[in-house]
A.B. asks: 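Can you read through this structure? Questions will come right after.
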Amino acid sequence: MTGPLDAKLASALGDRSANALKRAFGMLTVGDLLSHYPRRYARRGELTALSELQIDESVTIVADVLEVTERAMKARRGSILEVKISDGRGILILTFFNQAWRKNDLTVGRRGIFAGKVGEYRGIRQLAHPDYELFDPDDAPAIGSEQAKKWAMQPIPIYPATSTVASWQIAKAMDVALASIAGLTDPVPPAVRAEFDLLDLQRALTWMHQPEDDRQWRTARDTLRFHEAFLLQAALLQRRAQLRESPATPRRPGPLLAGFDAALPFDLTDDQQLVGDEIARDMAQAVPMNRLVQGEVGSGKTLVAVRAMLAVAEDGGQSALLAPTEVLATQHLRSIVAALGPELAARLRPVLLTGQLGQAQRRQVLLSIASGASRIVVGTHALLGELVQFADLGLVVVDEQHRFGVEQRETLRRKGAVPPHVLVLTATPIPRTVAMTVFGDLDVSTITTLPAGRIPIVSHVVPLAERRELWHRAWARLGEELAQGRQGFVVVPAIDPTTKEDDPDALADDDEDAAAEVVDRPPASVAELVPLLREHPSLAGRRIEPLHGRMGTEEKDAVMRSFAAGEIDVLVATTVIEVGVDVPNASTMVVVDADRFGVSQLHQLRGRVGRGGVPGLCLFVTAALPETLARERVEAVAATLDGFELAQVDLELRREGDVLGSTQSGGRSSLRLLRVAKDGDLIGAAREAAAEVLEGDAALSGHPDLRDALERRLDDGARAFLAKN
């Protein structure tokens with residue numbers, strides 16, 4: 001079913017305006033336009049601070065005309081019209097070439113909204129050929145009257161704009177769009193609106209875009225924020241209910257798991273036992289498990305997953321573990337085989353499937369999977385290929401969920417003849433609000449305790465901006481660790497001076513504000529650092545080797561095997577070693593250009609050391625200046641080992657779109673007003689309200705307006721967005 005919000009923009013605005021908005025913002029429907037909310041509100045009586053404008057910034061400002069002059073151009077025929085405008089705190093020049101007629105509009109004393117890109121000529125800031133709209137003085141009431149005061153203070157929406165579509169052009173389009181949605185239904189049920197004192201949707205949109213006073217737009221914003229939270233939670237809870245309606249094969253532990261547990265050389269932690277019991281209880285049901293296990297780096301999530309795999313293998317079922325990188329997938333296979341022991345490994349025949357396998361080997365692995373001979377299958381995205389078929393897929397394990405979208409998880413799930421159970425692992429601790437917002441369709445388990453015997457990692461910031469000599473001290477410190485028979489990692493952001501690692505979490509991709517602080521410095525690279533370290537006096541004679549994503553699978557695996565065997569002293573790598581790599585003798589992690597990595601990424605990297613009986617040391621080398629966001633991020637990680645505390649810091653430091661993955665979603669499905677860092681209580685309330693509506697009516701047959709809204713606004717692409725963190 002379609003409604004007024006689904007109407008094509010061209011039908012409401014005409015082709016010319018609709019095409020301009022599509023090019024500028026990707027808008028296709030009336031709903032897309034109406035969800036383009038004002039970034040702030042100006043007033044006829046309010047003047048924007050011109051003194052704060054930045055060169056090359058596209059701006060929309062409110063100002064008065066002070067002076068208008070026309071002069072002839074020197075080099076060629078024609079004239080230049082210069083209009084001086086001011087807000088009382090700064091001066092800006094508007095420049096028009098061969099458009100003298102504009103002086104009839106731009107007379108001294110006129111006030112208007114001006115938009116353009118800030119340039120500079122002879123030290124004076126200017127807008128060349130700006131768009132503008134002047135306030136109509138004829139509409140202005142008598143000076144000093146109450147009506148005049150109201151007119152002067154009426155909010156004027158200022159929209160996110162571009163160089164081709166100005167704010168007031170968007171405002172005019174909004175007027176037309178609002179007139180086209182008469183009779184708009186509200187997907188939020190009347191009982192929920194009454195409980196939370198909300199406006200109906202049509203009034204909320206009208207007050208947001210055409211407010212008569214501040215109270216109206218603030219009330220509208222509150223309603224629309226709850227509206228976003230409610231639709232999001234309803235979508236997640238509906239998906240969760242729909243998954244539970246599918247039949248699943250119960251999987252119960254037996255002798256395989258009992259024998260495995262008995263052979264373990266250590267006791268499970270209390271958290272591992274608790275989470276293992278939760279998983280066992282879920283998998284014993286005839287509905288699919290859909291559970292997220294979050295835990296600190298090194299807390300034993302993989303062991304929990306292996307125990308679940310053994311319950312599936314008990315009656316011949318298969319488990320598939322999806323890992324984001326070949327290095328991690330190979331590490332997982334090696335760890336699983338070692339944990340199982342020779343006898344169990346021979347019975348369950350774990351196999352590895354990656355895109356780098358040779359044709360003959362790949363054919364053999366595919367046959368082993370299809371026949372059911374291999375009950376444990378580990379792989380990368382290659383597991384999602386059409387040729388991969390399972391005999392009896394009972395469990396899907398997705399490691400490092402933030403690297404995958406829900407569509408990839410679904411592709412693997414659909415390879416089961418009967419819907420398999422799903423276990424999602426993440427070593428990136430998730431704040432409660434993000435867990436509700438992004439993983440709201442999953443049950444959440446948490447492992448907080450680390451295995452006995454772990455010695456806390458010591459972390460230090462190496463601030464090169466203040467003390468350049470610390471560069472050499474960092475390598476001397478690494479040399480001291482190596483002298484004790486230990487090994488170390490050195491992590492850099494790039495492969496060579498021109499090639500950054502293909503890493504979806506790399507800072508340059510997901511934090512433009514922070515990246516701007518370091519853009520003038522070329523990133524440290526594997527290619528440059530390996531020879532430099534080999535020649536450094538503190539590391540002379542040490543075996544130093546590179547590892548990065550451009551190397552072939554066999555070459556990467558050979559390097560990791562050599563490192564694990566102690567044949568390599570220092571591994572200089574990109575973030576291919578961020579997750580899953582387990583070398584107990586590695587005591588030191590040096591992250592060069594640490595300011596180019598995100599909070600969770602730095603925490604993950606630090607977790608690669610201190611995994612054996614030796615103390616861990618992590619050095620965050622940064623040239624970021626004090627009191628910058630980049631430096632603050634690094635210092636936050638160095639200050640605590642608590643991943644859950646860091647997750648909250650990360651949420652507060654990073655932009656909202658990064659938290660929810662909007663850069664991977666196409667943008668239009670991202671949240672507009674909701675802020676998970678601040679709106680936790682609102683999200684929780686919306687979730688409870690949505691749960692009450694969906695209880696006993698997951699198909700929403702009794703709430704057709706809500707059902708239609710979810711189908712319209714949360715299509716498959718948007719749902720994929722919801723699962724990306």
Side-chain angles (χ1 to χ4, degrees), residues 1 3 5 31 34-35 37 181 184-208 215-245 290-292 406 430-444 651 656 659-660 669-715 718-719 721-723 725:
M1 180 179 177
L5 297 179
L34 290 175
S35 62
Y37 300 126
I181 61 168
L184 179 67
T185 58
D186 194 329
V188 178
V192 177
R193 294 204 304 272
E195 179 182 356
F196 292 95
D197 195 23
L198 305 175
L199 303 172
D200 65 79
L201 181 57
Q202 183 160 347
R203 179 172 295 185
L205 289 171
T206 300
W207 283 13
M208 193 71 170
R215 180 191 65 84
Q216 286 193 353
W217 68 257
R218 288 187 174 121
T219 304
R221 182 186 59 189
D222 291 343
T223 289
L224 293 170
R225 183 178 289 132
F226 185 93
H227 192 278
E228 281 188 357
F230 182 81
L231 286 183
L232 175 63
Q233 293 303 323
L236 290 166
L237 291 171
Q238 184 184 51
R239 170 179 168 75
R240 179 175 176 175
Q242 290 169 343
L243 286 171
R244 290 178 180 274
E245 291 175 358
N290 211 30
R291 183 168 290 276
L292 168 72
V406 71
I430 303 165
R432 169 180 162 270
T433 51
V434 176
M436 282 193 299
T437 307
V438 183
F439 299 109
D441 58 336
L442 303 175
D443 295 310
V444 179
L651 182 60
E656 196 72 17
V659 174
L660 298 179
S669 60
S670 61
L671 301 179
R672 307 289 180 154
L673 298 172
L674 199 64
R675 295 293 176 262
V676 295
K678 301 176 181 178
D679 295 331
D681 291 342
L682 174 66
I683 293 169
R687 186 174 180 83
E688 291 181 10
E692 290 181 12
V693 171
L694 284 159
E695 187 175 1
D697 185 19
L700 293 172
S701 55
H703 299 278
D705 293 332
L706 176 56
R707 180 194 61 213
D708 295 341
L710 296 185
E711 290 177 355
R712 178 180 69 242
R713 300 184 64 181
L714 294 171
D715 57 14
R719 290 178 190 275
F721 150 78
L722 297 178
N725 183 18

A.B. asks: As an exercise, state the distance from CD of Gln202 to CG of Leu5, rounded to the nearest 0.5 Å.
C.D. replies: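 So the gap between those two atoms works out to 9.5 Å.
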A.B. asks: Sequence neighbours excluded, which residues qualify as side-chain hydrogen bond (donor to acceptor under 3.5 Å, both in side chains) partners of Asp200?
C.D. replies: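 Partners of Asp200 by the side-chain hydrogen bond (donor to acceptor under 3.5 Å, both in side chains) criterion come out as none, since no residue qualifies.
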A.B. asks: Quick one: does Gln233's side chain have a donor or acceptor within less than 3.5 Å of a partner on Glu688's backbone?
C.D. replies: no
A.B. asks: Do the side chain of Thr223 and the main chain of Leu199 share a donor and acceptor less than 3.5 angstrom apart?
C.D. replies: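 Such a contact is found between Thr223 side chain and Leu199 backbone.
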A.B. asks: Is there a side-chain contact between Leu224 and Leu205 in this structure, where contact means two heavy atoms from C-beta onward sitting under 4.5 Å apart?
C.D. replies: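 SC-SC contact between Leu224 and Leu205 confirmed.
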A.B. asks: Is there side-chain contact between Met208 and Leu673, with at least one heavy-atom pair below 4.5 Å?
C.D. replies: yes
A.B. asks: Could you tell me whether a side-chain N or O of Asp186 sits under 3.5 Å from a main-chain N or O of Leu201, the two making a donor and an acceptor?
C.D. replies: yes
A.B. asks: Side chains of residues 691-699: which donor-acceptor pairs under 3.5 Å do they make with residues two or more places apart or in other chains?
C.D. replies:
{"from": "Asp697", "atom 1": "OD1", "to": "Leu700", "atom 2": "N", "distance (Å)": "3.2"}
{"from": "Asp697", "atom 1": "OD1", "to": "Ser701", "atom 2": "N", "distance (Å)": "3.0"}
{"from": "Asp697", "atom 1": "OD1", "to": "Ser701", "atom 2": "OG", "distance (Å)": "3.1"}
{"from": "Asp697", "atom 1": "OD2", "to": "Ser701", "atom 2": "N", "distance (Å)": "3.4"}
{"from": "Asp697", "atom 1": "OD2", "to": "Gly702", "atom 2": "N", "distance (Å)": "3.0"}

A.B. asks: Going from CG on Leu232 to CZ on Arg687, what distance comes out if it is rounded to the nearest 0.5 angstrom?
C.D. replies: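 Leu232 CG to Arg687 CZ: 9.0 Å, rounded to 0.5 Å.
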A.B. asks: Start with the C-alpha distance between Trp217 and Trp207, add both sets of side-chain angles, then the distance that settles side-chain contact (heavy atoms from CB on, under 4.5 Å), and finish with yes or no.
C.D. replies: CA-CA 5 Å; Trp217 68 257; Trp207 283 13; 5.9 Å; no
A.B. asks: Any non-hydrogen side-chain atom of His227 less than 4.5 Å from a side-chain atom of Pro187?
C.D. replies: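 Contact flag for His227/Pro187 side chains = yes.
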A.B. asks: Evaluate whether atom CZ of Arg193 has more than 12 neighbouring non-hydrogen atoms of other residues, nucleotides or ligands under 6.0 angstrom away.
C.D. replies: yes
A.B. asks: Apply side-chain contact (heavy atoms from CB on, under 4.5 Å) to residues Leu706 and Leu231 and explain how you reach the verdict.
C.D. replies: CA-CA 8 Å; Leu706 176 56; Leu231 286 183; 3.4 Å; yes
A.B. asks: Can you tell me how far CZ of Arg215 sits from CZ of Arg218, rounded to the nearest 0.5 angstrom?
C.D. replies: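 Here the interatomic distance stands at 11.5 Å.
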A.B. asks: Please identify each residue that fulfils salt bridge (Lys or Arg N to Asp or Glu O under 4.0 Å) with Arg225, with sequence neighbours left out.
C.D. replies: Asp222, Asp679
A.B. asks: Is there a side-chain contact (heavy atoms from CB on, under 4.5 Å) between Val188 and Phe196 once you walk through the steps?
C.D. replies: CA-CA 11 Å; Val188 178; Phe196 292 95; over 6 Å; no
A.B. asks: With rounding to the nearest 0.5 angstrom, report the CG to NE2 distance, Asp708 to His703.
C.D. replies: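 Nearest 0.5 Å value for the CG-NE2 distance: 13.0 Å.
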A.B. asks: Can Gln216 and Thr206 be said to form a side-chain contact (heavy atoms from CB on, under 4.5 Å), step by step?
C.D. replies: CA-CA 9 Å; Gln216 286 193 353; Thr206 300; over 6 Å; no
